[in-house]
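Side chains are part of it too, since the values below use all heavy atoms of this structure and drop only hydrogens, waters and symmetry mates. Order of the sequence lines sets the chain letters (A, B, ...), proteins ahead of strands, with each chain counted from 1. Every value quoted in this text rests on a predicted model; they were computed, and no experiment measured them.
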Amino acid sequence: MEANSLSFKDLFSIIRRFWILLLIVTVVGGAFGAIYASATLDPMYSASVMLEVHNYTNGDDAFINTNSEFELAEKLKAGHILTVTESYNYLKEVLVALTHWEISEAEYLALEKEHSENISFVKDYPYTERKLIGYEDTGNVSSTDGLPILKPLYENVEKTRPAYFLDVLSEFGYRDQNGVITLTPSAIRSMISISENEDAVNFFKITVSSTNKQFALYLTQALEKVLIEKFVNYGSVITNSDPRANDGVSYPLKKYTAIAAVASFVLCYGVLLLIKLFNTRVTNEEELKRIANIPLLASIPDFNFGKQK
Amino acid sequence: MNIPFLKNICLFKKKNAVPVDKSTYLLTPDAPFAIAEAYRMLRTNIMYSAGQEGTPIYAITSAMPHEGKSINCSNIAISFAHAGKRVLLIDGDMRNPTVAPLFKESSKNGLSEYLASVVPEPNFIPSKYENLTLMVAGHKPPNPAELLGNKRIAELFEIAREKFDYIFIDLPPVNMISDATILAKDISGYLFVVDSGHTHSGAVKRALDSIRMVGGSVIGFALNRVNPKKSDGALYGYKSYGYSRRYYKNYYNRYNTKNSDVETEEQETDAE
């Protein structure tokens with residue numbers, strides 16, 4: 001089958017000529033996607049808590065540029081000022097650490113063997129934190145303030161995840177009888193989101209989205225408790241509003257609607273493009289020019305069209 | 001897959017289909033402005049493509065049947081006649097004569113009779129249009145191609161050149177039969193009618209190759225049955241020059257109500 005070669009102008013001419021059809025197909029496709037999403041997908045509930053971070057301050061101390069949770073915690077303890085970004089990163093780090101329980105089967109078995117007398121410890125998913133234990137003098141002096149440059153010394157500390165956090169998972173069936181968490185870290189992380197408040201710089205909003213309204217609320221409460229403890233332990237204060245579950249039900253409508261609308265547009269455009277590509281019928285001057293370098297002397301309108309007018 | 005067979009199915013006439021009187025498509029003073037303007041443009045372009053010496057002879061043909069050759073050929077001739085030119089319209093399609101039925105004239109003593117030497121002189125029939133003279137196809141001969149190759153055709157052109165300013169011949173489609181290409185050396189050029197949205201580019205290429213092979217020249221295309229709503233470029237010479245439909249309508253109303261003599265003046269100007 002002979003096919004036409006299409007120029008960019010032809011590609012745009014399809015949109016220009018069939019824009020109503022493309023618009024209708026896109027809207028109908030998007031609507032279909034929205035209906036499909038609301039009919040087949042589970043409704044999503046969300047619960048959120050607003051955290052307000054206050055730090056002890058003691059002037060313009062030298063600022064240590066670090067993103068480590070534990071270094072930041074030490075800064076808090078020492079009375080350093082945390083910037084908004086640092087606070088935000090700190091909260092995120094805590095959440096990531098809290099939801100990091102990926103452990104290979106071999107590691108699990110090794111831990112089980114090592115701690116056979118205390119199996120509950122294994123079930124609680126231990127994780128390692130670095131703890132600042134002191135500073136080592138490097139012998140160098142800062143060129144800016146003349147003070148000696150100190151190197152922080154850490155030691156690894158094994159910790160267990162907070163019980164109330166694990167209890168929430170157990171209560172809603174995300175831990176089996178052996179205490180193994182059946183929820184993958186990526187799944188729980190996709191439920192939790194943290195966002196900065198644009199209006200008040202020290203406010204952070206933690207939101208948990210789930211198909212289970214109660215689980216969303218309880219997990220939010222557990223996270224709130226964890227975060228408060230983290231900050232308080234390191235000498236900061238968090239005030240917060242009570243966690244609350246939103247009454248509204250939300251579906252991932254926007255996502256599915258957008259995907260369906262774009263897919264419909266692309267499909268419709270593709271079909272039109274193929275029709276145009278394989279349609280060798282002459283319809284305009286440019287197509288005649290491609291056939292031969294002979295001038296078009298006139299275009300005679302359709303008599304019926306003219307008579308209607 | 002036999003696509004042509006499927007296409008042929010469509011050629012069966014519908015029951016109770018009302019036959020269209022094609023004479024209603026002939027150019028009249030009350031023709032829609034768009035159509036009249038298109039033929040005026042075509043006329044002007046043909047005039048510019050004509051040489052300086054002698055009466056030009058233009059053949060109107062197409063690649064395939066039913067592309068609007070005869071209607072366009074007749075309307076071009078009428079348009080030239082409106083401009084005050086003495087025009088001869090010859091129906092060169094002796095297999096499927098159309099000029100006689102279009103102009104509601106008798107088909108006797110036409111081109112076939114003259115070329116077969118049945119009649120000594122060509123029968124030029126004055127039409128109801130001023131300055132337009134017709135030569136119908138005559139009775140259907142068994143050998144139209146041989147008749148067109150006859151030396152009497154050259155004699156006919158000699159006679160016609162003395163009497164007319166422009167000669168137009170309606171010829172059969174190029175890809176179907178060879179009649180259209182036989183006259184290649186006797187005529188000034190071919191005007192190639194292309195049915196918008198129906199004629200395949202391959203058919204046009206084949207037809208043009210056939211004309212070139214016999215030494216014929218094509219002066220240009222006439223894109224027929226253009227629907228401004230469906231056409232990408234709309235009507236040539238309208239959209240590109242800013243003649244939107246609103247302008248078009250306003251202009252047309254003004255044209256009809258306030259200045260009814262404009263067309264006559266334009267015709268006179270064109271004639272000059």
_Listed partners of A:I24 passing side-chain contact (heavy atoms from CB on, under 4.5 Å), at least two apart_ = A:I20, A:V28
*Residue-level contacts of residues 208-219 of chain B with chain A, using a heavy-atom cutoff under 4.5 Å*: B:L208, B:R212, B:V218, B:I219
*About how many Å separate CD1 of A:I291 and CZ of B:F192, when rounded to the nearest 0.5 Å?*
9.0 Å
*How long is the span from the OG1 atom in A:T280 to the NZ atom in B:K205, to the nearest 0.5 Å?*
9.0 Å
*Heavy atoms only: give me the nearest A:L297-B:G220 pair and the separation to one decimal.*
CG-CA, 3.9 Å
*Within 6.0 angstrom of A:F172 CZ, more than 12 heavy atoms from elsewhere*: yes
*Between the side chain of A:D302 and the main-chain N/O of B:R225, is any donor-acceptor distance below 3.5 Å?*
no
*With the side chain counted from C-beta on, respond yes when A:L288 and B:L223 share a heavy-atom pair under 4.5 Å apart, and no when they do not.*
yes
_Part of B:N75 within contact of chain A (heavy atom distance under 4.5 Å)_ = side chain
*Kindly give the heavy-atom pair with the smallest separation between A:S299 and B:V226, and that separation in Å.*
CB-CG2, 3.9 Å
*Could you give the distance from CD (A:E287) to OG (B:S196), rounded to the nearest 0.5 Å?*
8.5 Å
*Where do A:L296 and B:F221 come nearest, in terms of heavy atoms and distance?*
CD1-O, 3.5 Å
*Looking at A:P301 and B:A38, what are the two nearest heavy atoms and their distance?*
CD-CB, 3.6 Å
*Mind listing the closest non-hydrogen atom pair of A:T283 and B:G197 along with its distance?*
CG2-CA, 3.7 Å
